[in-house]
Amino acid sequence: MGNWVENEGLSIFVVLVWLGLNVFLFWWFYLAYDVPQKFFYTRELLGHALALARAPAACLNFNCMLILLPVCRNLLSFLRGSSACCSTRVRRQLDRNLTFHKMVAWMIALHTAIHTIAHLFNVEWSVQARVEDKNTLASVLSKLGDKPEESYVNFFRQTIPNPVGGLYVAFTYLAGLTGVIITLALILIITSSTKTIRRSYFEVFWYTHHLFVIFFIGLVIHGAGRIVRGQTEESLAVHKPEICYKNFSEWGRKGACPIPQFSGNPPMTWKWVVGPMFLYLCERLVRFWRSQQKVVITKVVIHPFKTIELQMMKKGFKMEVGQYIFVKCPAVSKLEWHPFTLTSAPEEDYFSIHVRIVGDWTEGLFNACGCDKQEFQEAWKLPKIAVDGPFGTASEDVFSYETVMLVGAGIGVTPFASVLKSVWYKYCHDATNLKLKKIYFYWLCRDTHAFEWFADLLQSLETQMQERNNAEFLSYNIYLTGWDESQATHFVVHHEEEKDVITGLKQKTLYGRPNWENEFKTIARQHPGSRIGVFLCGPEGLADTLNKQSISNSEADPRGVHFIFNKENF
């Protein structure tokens with residue numbers, strides 16, 4: 001888990017604090033139900049399963065309080081943009097919001113499993129104690145409440161034997177029914193959140209994830225039935241369980257212990273989750289308000305490799321480099337929102353995204369924009385678009401370093417298009433205040449056609465740097481990771497030409513993958529004593545490699561070179 005956490009960039013300190021709080025809550029609430037005299041008779045019915053059900057319930061409350069906060073994007077963007085309360089290190093943790101969201105989700109799944117298994121034993125033993133006709137303490141306790149002046153400790157009041165009795169609890173009691181519903185909702189949410197489902201069937205992921213509404217409603221009312229019951233304080237004053245339990249057959253008689261009285265625990269979950277639920281409601285209201293603001297598509301550009309560029313305008317829209325937005329096209333789906341990195345620069349009078357056609361929704365957007373037709377599409381025929389954002393990402397911090405490594409894989413190059421465009425505009429106007437002095441740019445792609453839409457930007461930046469006598473400012477390396485024999489032969493024949501046969505750039509396209517260890521060591525030698533930002537938008541395997549290289553090539557001396565790894569995570 002440590003390697004995975006480091007790979008995602010989440011601070012080990014944050015993870016340890018979170019894990020420590022989970023352990024503490026589990027231990028504290030386990031003892032709270034396994035030791036006090038209040039639950040002495042409840043433990044006689046249920047044994048240690050009582051504490052084993054209540055301890056994970058406390059952890060569930062804690063984690064359900066946390067699960068919504070990482071997806072309050074507007075709140076996180078506000079915090080990220082507030083320099084007063086958000087240092088660079090804190091911003092890097094905020095950028096890992098989805099990593100933390102996933103970890104909390106798995107912790108919820110773990111505690112749900114423990115809670116459910118423990119309650120299965122509790123229900124079985126409660127039903128069994130209620131139906132058995134023996135002169136045992138459990139049987140006597142289960143019969144309490146049958147008379148008007150008594151209060152019950154065994155929540156199961158029917159005399160239906162197992163397994164029908166257990167099913168009766170599951171589908172007629174409030175706690176049982178809500179437990180079944182929220183467990184099923186959680187299973188659907190988690191199973192539809194796998195990488196395969198998200199990438200290949202995003203609509204399934206999107207719709208099932210909204211079962212969280214049912215999950216939270218069920219969670220809040222789950223404890224309203226008060227099936228976990230303990231002896232009242234007034235009863236404890238006159239009925240000492242550790243003494244009276246021995247003479248349970250004499251309870252209520254003159255000179256003997258009085259009949260114990262019980263009450264249910266009040267529901268507590270709402271106290272944990274009401275704050276985050278309110279914040280998330282405000283988040284959704286802000287998103288709804290933004291979605292109602294008019295967005296105009298000013299231009300649609302069809303690029304090779306089934307990629308389209310949408311150039312848009314929206315009143316009051318302000319962005320920073322590397323940010324992303326959520327887009328909804330009602331003509332395709334009235335409910336679905338999809339994230340896209342902005343490829344335009346803050347200096348431009350429009351904002352743009354590049355969309356690769358890889359699924360039903362993107363195919364629908366492609367057709368709605370008229371890209372499947374040969375004739376020119378009139379502007380008034382273009383579909384309505386709703387936009388939520390922009391939201392901050394790690395790439396915003398590019399200009400905080402003097403030296404950066406930008407690594408994009410495939411369509412993952414899009415956030416760096418915004419960065420490079422912004423650099424170009426700054427150099428066109430005034431670059432004296434630019435802290436950034438050196439960019440190492442790496443682009444890994446499988447297909448030659450994918451280079452075409454990005455080559456013009458690199459050519460413009462290359463020319464601009466040469467005119468300013470600063471050709472060393474940008475070092476870029478383009479790697480073609482997939483090719484066939486004819487392409488390799490063509491490459492050999494034209495290798496000596498001044499410009500690359502694929503991109504038209506002076507820098508030749510390289511075949512294969514970078515030797516990252518050599519790249520990091522070379523950059524470390526050229527920039528001793530520097531803090532070098534490493535920014536990636538790409539797959540987890542590459543993230544793991546770059547993160548390990550960043551750690552291994554950083555010096556222990558605070559005055560030495562340090563590579564700071566950042567990964568796009570949305």
Side-chain angles (χ1 to χ4, degrees), residues 192 194-207 209 295-312 322-344 350-379 381-390 393 408-418 421 443-458 478 480-484 487 502-503 537-539 568 570:
S192 65
T194 59
K195 187 184 298 183
T196 302
I197 297 294
R198 289 201 318 271
R199 290 186 175 180
S200 302
Y201 307 97
F202 186 84
E203 294 82 1
V204 175
F205 161 75
W206 177 261
Y207 289 121
H209 230 63
V295 177
V296 178
I297 300 177
T298 58
K299 191 176 183 180
V300 179
V301 183
I302 304 176
H303 294 286
F305 205 56
K306 297 197 75 175
T307 300
I308 62 172
E309 176 185 356
L310 299 184
Q311 296 182 7
M312 296 167 281
Q323 291 185 325
Y324 69 97
I325 59 175
F326 276 78
V327 175
K328 179 177 74 172
C329 180
V332 180
S333 173
K334 295 185 182 298
L335 297 176
E336 292 181 37
W337 291 85
H338 292 256
F340 293 96
T341 304
L342 290 165
T343 54
S344 53
Y350 64 88
F351 62 96
S352 66
I353 58 173
H354 282 69
V355 183
R356 203 170 98 188
I357 315 305
V358 292
D360 293 340
W361 189 90
T362 52
E363 187 74 37
L365 180 65
F366 182 84
N367 296 333
C369 292
C371 300
D372 58 334
K373 301 179 178 65
Q374 296 297 324
E375 66 271 13
F376 179 77
Q377 184 84 346
E378 296 290 343
K381 291 184 179 180
L382 292 174
K384 290 183 178 180
I385 293 288
V387 168
D388 184 24
T393 66
I411 198 67
V413 77
T414 49
F416 306 131
S418 176
K421 279 185 181 180
W443 188 13
L444 288 66
C445 206
R446 290 180 178 275
D447 195 282
T448 57
H449 297 295
F451 296 118
E452 297 179 23
W453 74 270
F454 198 65
D456 290 341
L457 171 61
L458 287 175
I478 301 176
L480 187 62
T481 58
W483 70 90
D484 55 33
Q487 288 175 318
I502 296 174
T503 63
C537 187
E568 293 297 316
F570 63 88

Can you check whether Tyr207 reaches Leu335 side chain to side chain, under 4.5 Å on heavy atoms? yes
With side-chain contact (heavy atoms from CB on, under 4.5 Å) as the criterion, how do Thr307 and Ile357 come out once you've worked through the C-alpha distance, each side chain's angles and the decisive distance to 0.1 Å? CA-CA 6 Å; Thr307 300; Ile357 315 305; over 6 Å; no
Distance in Å, Ile385 CD1 paired with Ile297 CD1, rounded so as to fall on 0.5 Å steps: 4.5 Å
Within this structure, what is the CD1-CH2 distance for the pair Ile325 and Trp337, rounded to the nearest 0.5 Å? 9.5 Å
Is there a side-chain contact (heavy atoms from CB on, under 4.5 Å) between Met312 and Ile353 once you walk through the steps? CA-CA 9 Å; Met312 296 167 281; Ile353 58 173; 4.0 Å; yes
Considering non-hydrogen atoms only, spot the tightest contact between Thr341 and Tyr324 and give its length. CA-CB, 3.9 Å
Would you sort out whether Leu365 and Val327 count as a side-chain contact (heavy atoms from CB on, under 4.5 Å), showing the intermediate values? CA-CA 11 Å; Leu365 180 65; Val327 175; 5.7 Å; no
Please check if the side chain of Ser418 supplies one atom and the backbone of Ser344 the other of a donor-acceptor pair under 3.5 Å. yes
Could you tell me the separation between the OH atom of Tyr350 and the CG atom of Leu342, rounded to the nearest 0.5 Å? 11.5 Å
Set out, in order, the CA-CA distance, both residues' side-chain angles and the distance that settles side-chain contact (heavy atoms from CB on, under 4.5 Å) for Val300 and Cys371, then state yes or no. CA-CA 8 Å; Val300 179; Cys371 300; 3.7 Å; yes
Trp206 (side chain) donor-acceptor with His338 (main chain) under 3.5 angstrom: no
Is the shortest heavy-atom distance from the side chain of His354 to the side chain of Phe340 under 4.5 Å? no
Which heavy atom of Ile197 sits nearest to which heavy atom of Ser192, and what is that distance? CG2-O, 3.1 Å
Of all the heavy-atom pairs spanning Cys369 and Leu382, show the shortest one and how long it is. O-CD2, 3.7 Å
